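These notes are about the structure you will find just below.
The model shown is predicted, which means the values in this text are computed figures rather than measured ones. Lettering follows sequence order; numbering is per chain, from 1.
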Amino acid sequence: DARVTQTPRHKVTEMGQEVTMRCQPILGHNTVFWYRQTMMQGLELLAYFRNRAPLDDSGMPKDRFSAEMPDATLATLKIQPSEPRDSAVYFCASGLEGRTYEQYFGPGTRLTVT
Amino acid sequence: SQKIEQNSEALNIQEGKTATLTCNYTNYSPAYLQWYRQDPGRGPVFLLLIRENEKEKRKERLKVTFDTTLKQSLFHITASQPADSATYLCALVYSSASKIIFGSGTRLSIRP
C-alpha cells in the first residue's frame, strides 16, 4: 500500500531554531508539493516540484524557508530561523503529472514554535 | 488574484438526505477542479476530479458538477451517512501555469 511518509510527525521548537521536515513521496510519482495548513489561512501551497525541479515556490517566504529534492525519494522543507507564526501543520503530497494532478497527501508534520 | 469560496463553514444534514457543497471561484476557469476529503488530524484524500469541458462526474454516492459560466462546482453526497462527516475541500488546478489553489473547506456533519 503505497503512501507518502513525513517525518517528524510532531515538532516543538524555540523561536530562532532551525527546523527540517522530510517527505518521502510515493515511488514513481514525479510531482511533489509542500503545503501549510492553519485555521486562519487554510491550505496554502508553499512549493511545487516536477521531476525534482522547482516549478513554483511563490507561496514560500524566501528569507527563511527553503525547499529541496536531493533525490527522487526525498523532499525537504527547511525553516531557518523559525518564528512563532510558522506554527502550523505542514503537508507533503506527491502525484503523477499527466494523471490529472491527483495528489496523495502525507500525514503532516505539526510544528509548534514557542 | 484568483479567489475561491466554499459555502458556509459548516453544514449539518440529517442522515439519508443529500448533502450539497458549493465551490465558487473568480476570474479564470481551471483546467481541472478537484474535491478532497479531510478528517481531523489527517491529510486530505482525493475524491473526484472534473475537467473544464465536463458537466458532471459520478462515483458511487458522489456527484460533481462544473459550470464554467457560473464559475461554480457543486459536490453532492446522496444517501448521506454519519461516516461522511468530514471537511471537504475543493481545489482548482491551472495546469498551464502550474498553479493549484485550495478552498478553505466546508465542514460537513451528518446527524443520525
Exercise for the section: Might you confirm whether atom CD of Q14(B) has over 12 heavy atoms from other residues, nucleotides or ligands at distances under 6.0 Å? Expected result: yes
Practice task
Take atom CZ of R64(A) as the centre, draw a 6.0 Å sphere, and report whether it contains more than 12 heavy atoms from other residues, nucleotides or ligands.
Solution key: yes
Handout entry: Residues, nucleotides or ligands: over 12 heavy atoms within 6.0 Å of R3(A) CZ
Key = no
Fill in the blank from the handout: Scored by heavy-atom pairs under 4.5 Å with chain A, the best of P44(B), G43(B), A91(B) is P44(B)
Handout entry: In one Ile/Leu/Val/Met/Phe/Trp/Tyr side-chain cluster, 4.5 Å: V45(B), L33(B)
Key = no
Practice task
Might you confirm whether atom CD of E5(B) has over 12 heavy atoms from other residues, nucleotides or ligands at distances under 6.0 Å?
Solution key: no
Completion exercise
Okay, R110(A) and chain B: the region with an atom under 4.5 Å from a heavy atom over there is neither
Practice task
Please report the shortest heavy-atom distance between Q38(B) and F91(A), naming the atom on each side.
Solution key: NE2-CZ, 3.6 Å
Exercise for the section: Report yes if the side chains of K99(B) and D56(A) come closer than 4.5 Å at any heavy-atom pair, otherwise no. Expected result: yes
Problem - Whether over 12 other heavy atoms sit under 6.0 Å from K62(A) NZ - result: yes
Practice task
Could you tell me whether a side-chain N or O of Y104(A) sits under 3.5 Å from a main-chain N or O of F46(B), the two making a donor and an acceptor?
Solution key: no
Exercise for the section: Taking heavy atoms only and a threshold strictly under 4.5 Å, list by residue number the residues of residues 27-45 of chain A that touch chain B; give 'none' if the list is empty. Expected result: F33(A), Y35(A), Q37(A), L43(A), L45(A)
Handout entry: Connected via hydrophobic side-chain network under 4.5 Å: I100(B) and V89(A)
Key = yes
Exercise for the section: Mark yes when over 12 heavy atoms from residues, nucleotides or ligands other than K57(B) sit less than 6.0 Å from its NZ; otherwise mark no. Expected result: yes
Exercise for the section: Specify the closest pair of heavy atoms between F102(B) and Q103(A), including all atoms of both residues, with the distance to one decimal. Expected result: CE1-NE2, 4.2 Å
Exercise for the section: Is it possible for you to say whether L74(B) and L11(B) belong to one hydrophobic cluster, with membership spreading through side-chain heavy-atom contacts below 4.5 Å? Expected result: no
